[in-house]
Amino acid sequence: MTLRFHWMLPKSGEVEMPTAGAAARYRVESVLDDSPARIPEPSGWLAFARLAERAGIDSVLISFSRFEPDPLLVACALGRETTRLGFILAVRSGVIAPAMLVQQINTLSGLIGGRVSVNLVAGSSLAEQHGYGDFLDHDQRYARAEEFLAVCNRLWRGEGRGEFEGEHYRLVGTRLSTPFQAPNRRIPEVYVSGHSAAASQLAARQASCWLRVIDTPHTLEPSVAAALAHGLEVCLRLCIVCRPTRAEALAVLDELLAEPVVCSPSAAIPSAAVVKADSQMYRESASASSWLAPNLWTGLVAVRGPVWTTLVGTPDDLAAALIEYGRLGITQFILSGWPEHDEVEIFGREVLPRIRDAEART
């Protein structure tokens, strides 16, 4: 199967950052109340979306948090101005009713040619969840997410008469006339994120793809095999630093490490592992070592979280590593870097052609 590569949509204003250190600092400070990232930036996002299209990126993941604009509205705006790029929308099951989400996703599919998928996140930050009125604990959130996706899938597949009776949701006679519209799918792809047993079980029962942070191939092999046995695709989330030589790539890591963890004189920025303390994935990251493998760096993971796990090296190094993950059965990757516009351009020009050539040969 051809490997698919997605990208994390930059924070609003992030595409203007000129260096890796400045971009990393901006991303850290995006959680401050006065951050420019809280204001929509159509021109910067659109420039990045068009760059990603030219680079051969399949979709962009648009995150959901209290610190940034709503992903569905952002996807609609960008989707109307692009032609091929897809949009993976992060969704929290505790802040919207499932039938309403289906209606919104179906409507969006008709507006942008079906280029929309869903990334369901059960929740990771208690403070954020409480702010949206969600007070369930970890296991309860996953039980609710199970019902949430069960309702969504029944509506997308047209099963039954819209009746559902569960602990968290009850629907009677639900009927949505607007269908999901896409050239080659009847329902959207659904990604479920997380490292806990509850997350992987939810993905196996209700999703099309399990999304988790990158690790070494040896560590991932058993869990990937289990996901494949359930008919799931597996998608890895990671950052990349790609430069012509390894020495140049390592110099970027030095630049990232030189940025202070707390960047605001007026407010301390807690580590991601503290902010998202109710996430197993983030708890695991607090004890990560600096290098998991010669090309897999975790130097900022302990303070910034697991999604900062970084694949480091030359174009040949990165292409070979990603192909190795593909041999395990992993078919999708969501990438990001510092600064985003440089990394996506390098990836599209130098790394992706190497991967496509290798796929053609095999």
Side-chain angles (χ1 to χ4, degrees), residues 1-12 14-15 40 42 44-64 68-91 101-121 149 152-153 156 178-193 203 207-212 232-238 240 307 322 326 330-337 340-341 343-345 347-348 351-352 355-356 359:
M1 181 180 290
T2 300
L3 300 181
R4 296 168 61 193
F5 295 95
H6 315 289
W7 210 275
M8 192 76 194
L9 185 71
K11 304 295 183 186
S12 177
E14 187 181 342
V15 294
W45 280 332
L46 184 56
F48 181 83
R50 288 172 173 163
L51 177 62
E53 275 193 322
R54 293 194 298 272
I57 298 303
D58 187 271
S59 303
V60 290
L61 171 62
I62 309 179
S63 61
F64 174 97
E68 53 198 321
D70 178 74
L72 188 139
L73 296 177
V74 174
C76 187
L78 297 181
R80 296 289 292 171
E81 298 293 331
T82 52
T83 57
R84 300 184 307 278
L85 190 67
F87 301 90
I88 306 172
L89 306 188
V91 173
L101 176 72
V102 170
Q103 189 170 18
Q104 289 179 331
I105 294 297
N106 290 2
T107 302
L108 181 59
S109 74
L111 292 171
I112 64 172
R115 293 176 286 132
V116 56
S117 305
V118 172
N119 169 212
L120 184 80
V121 182
L149 284 180
C152 290
N153 284 325
W156 276 318
T178 301
F180 181 81
Q181 300 176 72
N184 56 357
R185 298 186 64 88
R186 291 182 52 221
I187 67 175
E189 289 183 271
V190 176
Y191 300 74
V192 165
S193 305
S208 54
C209 187
W210 177 42
L211 171 59
R212 61 149 296 148
L232 284 170
E233 287 193 65
V234 179
C235 179
L236 297 184
R237 176 78 175 89
L238 65 148
I240 64 169
V307 295
L322 293 167
I330 296 162
T331 54
Q332 302 188 48
F333 303 84
I334 300 177
L335 312 176
S336 58
E340 298 284 9
H341 56 77
E343 291 294 355
V344 76
E345 193 169 42
F347 183 83
V351 181
L352 191 55
I355 293 172
R356 298 300 183 229
E359 290 172 337

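- For the pair Pro183 and Gly113, the tightest heavy-atom approach, listed with the atom from each and the gap, is CD-O, 3.6 Å.
- Remark: Asn119 CG to Ser59 OG distance equals 11.5 Å, nearest 0.5 Å.
- Taking CG of Leu61 as the reference point, atom CG of Leu9 lies at 8.5 Å (rounded to 0.5 Å).
- Of the residues Leu108, Ile62, Val118, Leu72, the one that meets the side-chain contact (heavy atoms from CB on, under 4.5 Å) test with Phe87 is Ile62.
- Atoms SG and CG, from Cys76 and Leu89 in turn, are 10.0 Å apart once rounded to the nearest 0.5 Å.
- By the neighbour-count criterion of 12 heavy atoms within 6.0 Å, atom CZ of Arg80 is sparsely surrounded, having that number or fewer from other residues, nucleotides or ligands.
- Annotation: side chain of Glu189 is in contact with side chain of Gln332 (closest heavy-atom distance under 4.5 Å).
- Inter-residue side-chain proximity for Leu236 and Arg212 is flagged as met; some heavy-atom pair is nearer than 4.5 Å.
- Residues Val192 and Leu232 have side chains not in contact (no heavy-atom distance under 4.5 Å, counting atoms from C-beta outward).
- Other residues, nucleotides and ligands contribute at most 12 non-hydrogen atoms within 6.0 Å of the CZ atom of Arg186.
- Tyr191 and His6 make their closest contact through OH-NE2, 3.6 Å (heavy atoms, listed as atom of the first residue, atom of the second, distance).
- Taking each heavy atom of Val121 and Ser193 in turn, the nearest pair found is CG2-OG, 4.2 Å.
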- Message: Test side chain to side chain contact (heavy atoms under 4.5 Å, CB included) on Phe64 and Val91; report intermediate values, then the result.
- Response: CA-CA 7 Å; Phe64 174 97; Val91 173; over 6 Å; no

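- Between Thr83 and Glu53, the shortest heavy-atom distance links the atoms N-OE2, 3.0 Å.
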- Item | Stepwise side chain to side chain contact (heavy atoms under 4.5 Å, CB included) test for Phe180 and Val102 | CA-CA 8 Å; Phe180 181 81; Val102 170; over 6 Å; no

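- Once rounded to the nearest 0.5 Å, the distance linking CD1 of Ile105 with CD of Gln103 reads 11.5 Å.
- Between the side chains of Ser336 and Arg237, a donor-acceptor pair is found at a separation under 3.5 Å.
- Between the side chain of Ser117 and the backbone N or O of Pro188, no donor-acceptor pair lies under 3.5 Å.
- Taking all atoms of both residues into account, the shortest heavy-atom contact from Pro40 to Ser12 is C-OG, 3.7 Å.
- Val74 is not listed as a side-chain neighbour of Glu68, based on a closest heavy-atom distance of 4.5 Å or more.
- Counting only heavy atoms from C-beta outward, the side chains of Glu343 and Leu335 never approach each other to under 4.5 Å.
- Of the inter-residue distances, the one linking Ile57 atom CD1 with Ile334 atom CD1 reads 11.0 Å to the nearest 0.5 angstrom.
- The two atoms that bring Pro71 and Ala90 nearest to each other are CG-O, 3.7 Å, heavy atoms only.
- The pair Arg50-Glu81 meets the salt-bridge criterion, with a side-chain N (NZ, NE, NH1 or NH2) lying under 4.0 Å from an Asp/Glu carboxylate O.
- Side chains of Leu85 and Leu78 form no contact here, defined as non-hydrogen atoms less than 4.5 Å apart.
- Contact of the Phe5 side chain with the Leu322 side chain is registered, since non-hydrogen atoms from C-beta on lie closer than 4.5 Å.
- Here the straight-line distance linking atom CZ of Arg4 with atom CZ of Phe333 works out to 12.0 Å at 0.5 Å rounding.
- Arg185 contributes no side-chain N or O that, together with a main-chain N or O of Ala182, makes up a donor-acceptor pair within less than 3.5 Å.
- Checking Glu340 against Trp7 by side-chain atom types alone, a donor-acceptor pair falls below 3.5 Å.
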